[in-house]
Structure formats: structure tokens, C-alpha cells
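Everything below concerns the one structure shown next.
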Amino acid sequence: RVRRLSLILDEHCLKPGMQILDVSPSRSLFRKLGKGPYAYTASDLSGDFVADVAWDICKLPAEGNSYDLILCYHILEHVGDDKQAMRELSIC
């Protein structure tokens, strides 16, 4: 799954200088995107994943339109209020 996501990102999404938020990132994407020409923030509230910050996806501290790309891959099924998380993500 992660290799396919990485390929899709490379072919269709990533551009130098992008602001990227990655929620509970895989180690391989964390290493790849963290070294790229992007402003990359990795967040994990649980502490189970390597991350820069521990933000609650239902109460993100980022202001509106802060990110060009948000990666939230296989996360919402673990969030108690997934609708609130989607609202938060939509304004970031």
C-alpha cells in the first residue's frame, strides 16, 4: 500500500515547496518526504509512529489553508469522531 501511495504521490501530487501534513506516517514516507524539497510535518497523537508533532486530528492547531497536501492514509477508522476529523482536515 505504501509503495503504491508513494508512486501516486511522485507521479501526480508532489511539487517542490509544497506544505505537506502527514497524519501517522509510515516510516518510508516520513524518510522520503522529510528529505524532499517540501515543508513537511508528520503528526502522530498515539506515539506509535515516527513524527514531528503530536496533534489530535479532531483539533488541529493549523490555520485554514495551511497545507497543499494532507496525507491521512488508513487513519480515520481509528478516530472516534471521524466526521469531526474530516471537518478539521477540510479547513487545513
pair D68-Y38: side-chain heavy atoms closer than 4.5 Å = no

Nearest-0.5 Å distance that lies between atom NE2 in H78 and atom CD1 in I57 = 11.0 Å

Is F30 reachable from L71 through a run of hydrophobic residues whose side-chain heavy atoms are each under 4.5 Å from the next?
-> yes

Nearest heavy-atom pair of S66 and Q19: which atoms, and what distance?
-> O-CB, 3.4 Å

Identify whether V79 and M86 are in the same connected component of the hydrophobic contact network (ILVMFWY, side-chain heavy atoms under 4.5 Å).
-> yes

Min side-chain heavy-atom separation L45-V23 under 4.5 Å | no

Determine, using the 4.5 Å side-chain heavy-atom cutoff (strictly less than), whether L21 and I8 are members of one ILVMFWY cluster.
-> no

Say you draw a straight line from CG of L89 to SG of C58; how long is it, rounded to the nearest 0.5 Å?
-> 8.5 Å

Let me see the working for L5 and R1 under side chain to side chain contact (heavy atoms under 4.5 Å, CB included), right down to the final yes or no.
-> CA-CA 6 Å; L5 175 59; R1 293 185 299 204; over 6 Å; no

List the atom of S6, the atom of K32, and the distance in Å for their closest heavy-atom pair.
-> OG-NZ, 2.6 Å

Count the heavy atoms belonging to other residues, nucleotides or ligands that lie under 6.0 Å from CG of D10, then report whether that count exceeds 12.
-> yes

Going only through I, L, V, M, F, W and Y residues with side-chain contacts under 4.5 Å, is there a path from F49 to I75?
-> no

Verify same cluster id: L33, V50 (apolar side-chain graph, 4.5 Å) = yes

Can you tell me how far the SG atom of C92 sits from the CG atom of L69, to the nearest 0.5 Å?
-> 12.5 Å

Atom CD in E11, atom CG in L7: separation rounded to 0.5 Å?
-> 4.0 Å

Just by modelled atom types, is the A51 backbone N or O under 3.5 Å from a matching donor or acceptor in the D44 side chain?
-> no

Side-chain (S43) to main-chain (W55) donor-acceptor, under 3.5 angstrom | yes

Atom CD of E63: over 12 foreign heavy atoms under 6.0 Å = no

CZ/R87 to CG/D82 distance, rounded to the nearest 0.5 angstrom?
-> 9.5 Å

Tested for side-chain contact (heavy atoms from CB on, under 4.5 Å) against Y67, the lone hit among T41, L60, I20 is T41

Here the gap from L29 atom CG to R3 atom CZ, rounded to the nearest 0.5 Å, amounts to 12.0 Å

